[in-house]
Amino acid sequence: MNRPIKCMEEKYLLPSLELVEQVFTAHENEKEGKMVRSLVEEIRRKRFYLPELELMMVDEDTDAMIGYVMFSRFHLQGKYENELLILTPVAVKTEFQRQHISKEIIEFGFEKAREMGFKAVIVEGNPRNYRARGFVTAADHGILPGKTVHLPHIDCLMVKELIPGALETIKGYVEYDCYQTLT
């Protein structure tokens, strides 16, 4: 099966929303599925959106989307918007999970983001899912959760350098107040 990674195309806009909602509903619950779908829709409407970093893997035989990843611009207290990305959401069709699909799409995204001049990526999630991709605890590098970020544990907010040494200058508090969906 040939599974190319592609940047978002118009014909996949709706299927990507459906995939994200289905995956998060199955993994968490219906409320979470709808919230993550709304977040994707909201990011697409904002200045933070980067269509070239909204990525998917498709089954070339069926043209069906099997994996989805979105990187978008992010800032810390109004700074670093042209240097820092946030990785959210990541979704793989349930029947294709545990096949390294998210790994491949994320790694592709890292390379593309580097080429675009971005220096680091933050993510909120289970450390077990992201440590293998090179993410480390953000707090260890002076990137801390703000008042709009509610974590089960400080290790759930992570960061990855795309350019060596980038985290020496990128510091501040993560806030989600620019996203109505998350507040």
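Computation of the quantities below employed the complete heavy-atom set of this structure, encompassing side-chain atoms and omitting hydrogens, waters and symmetry-equivalent molecules. Sequential numbering from 1 along the given sequence is applied to the chain's residues.
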Where [X] and [Y] come nearest, the two heavy atoms and their spacing:
X: G33; Y: T25; value: CA-OG1, 3.4 Å
X: K160; Y: G134; value: CG-O, 3.8 Å
X: G67; Y: I101; value: CA-CG2, 4.0 Å
X: L76; Y: G172; value: CD1-N, 4.0 Å
X: H141; Y: K171; value: O-NZ, 3.0 Å
X: M70; Y: I43; value: SD-CG2, 3.6 Å

Would you say [X] and [Y] make side-chain contact, with heavy atoms under 4.5 Å?
X: V20; Y: Y68; answer: yes
X: E18; Y: R37; answer: yes
X: Y80; Y: K119; answer: no
X: F96; Y: R3; answer: yes
X: V58; Y: Y12; answer: yes
X: R44; Y: M8; answer: yes
X: K147; Y: Y173; answer: no
X: L17; Y: E21; answer: no

Acceptor/donor pairs from residues 120-128 side chains to any protein atom, 3.5 angstrom cut, sequence neighbours excluded:
from	atom 1	to	atom 2	distance (Å)
E124	OE1	Y176	OH	2.5
N126	OD1	R128	N	2.9

Once rounded to the nearest 0.5 Å, what's the spacing between atom [atom1] of [X] and atom [atom2] of [Y]?
X: K103; Y: I105; atom1: NZ; atom2: CD1; result: 12.0 Å
X: L19; Y: L14; atom1: CG; atom2: CG; result: 11.5 Å
X: F24; Y: K31; atom1: CZ; atom2: NZ; result: 15.5 Å
X: I163; Y: R114; atom1: CD1; atom2: CZ; result: 6.5 Å
X: K79; Y: L84; atom1: NZ; atom2: CG; result: 12.0 Å
X: T137; Y: I143; atom1: OG1; atom2: CD1; result: 11.5 Å

Does [atom1] belonging to [X] count more than 12 external heavy atoms closer than 6.0 Å?
X: E30; atom1: CD; result: no
X: E95; atom1: CD; result: yes
X: E168; atom1: CD; result: no

Applying side chain to side chain contact (heavy atoms under 4.5 Å, CB included) between I5 and each of K112, M56, E107, M57, report the one that passes.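 Checked K112, M56, E107, M57 against I5; only one passes side chain to side chain contact (heavy atoms under 4.5 Å, CB included): M57.
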Which of N129, L87, D155 passes side chain to side chain contact (heavy atoms under 4.5 Å, CB included) with F135? It is L87
Could you tell me whether R45 and E42 make a salt bridge, using a distance below 4.0 angstrom between a side-chain N and a carboxylate O?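 Looking at R45 and E42, the cut-off is not met.
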Using the side chain to side chain contact (heavy atoms under 4.5 Å, CB included) rule, take Q97 and V23 through it: C-alpha gap first, then chi angles, then the decisive distance, then the call. CA-CA 10 Å; Q97 291 177 1; V23 169; 4.1 Å; yes
Could you verify whether a donor N or O on one side chain and an acceptor N or O on the other, from R47 and S72, lie under 3.5 Å apart? no
Applying the 4.5 Å side-chain criterion to the ILVMFWY set and letting contacts propagate, would L144 and M158 be lumped into a single cluster?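 Different clusters.
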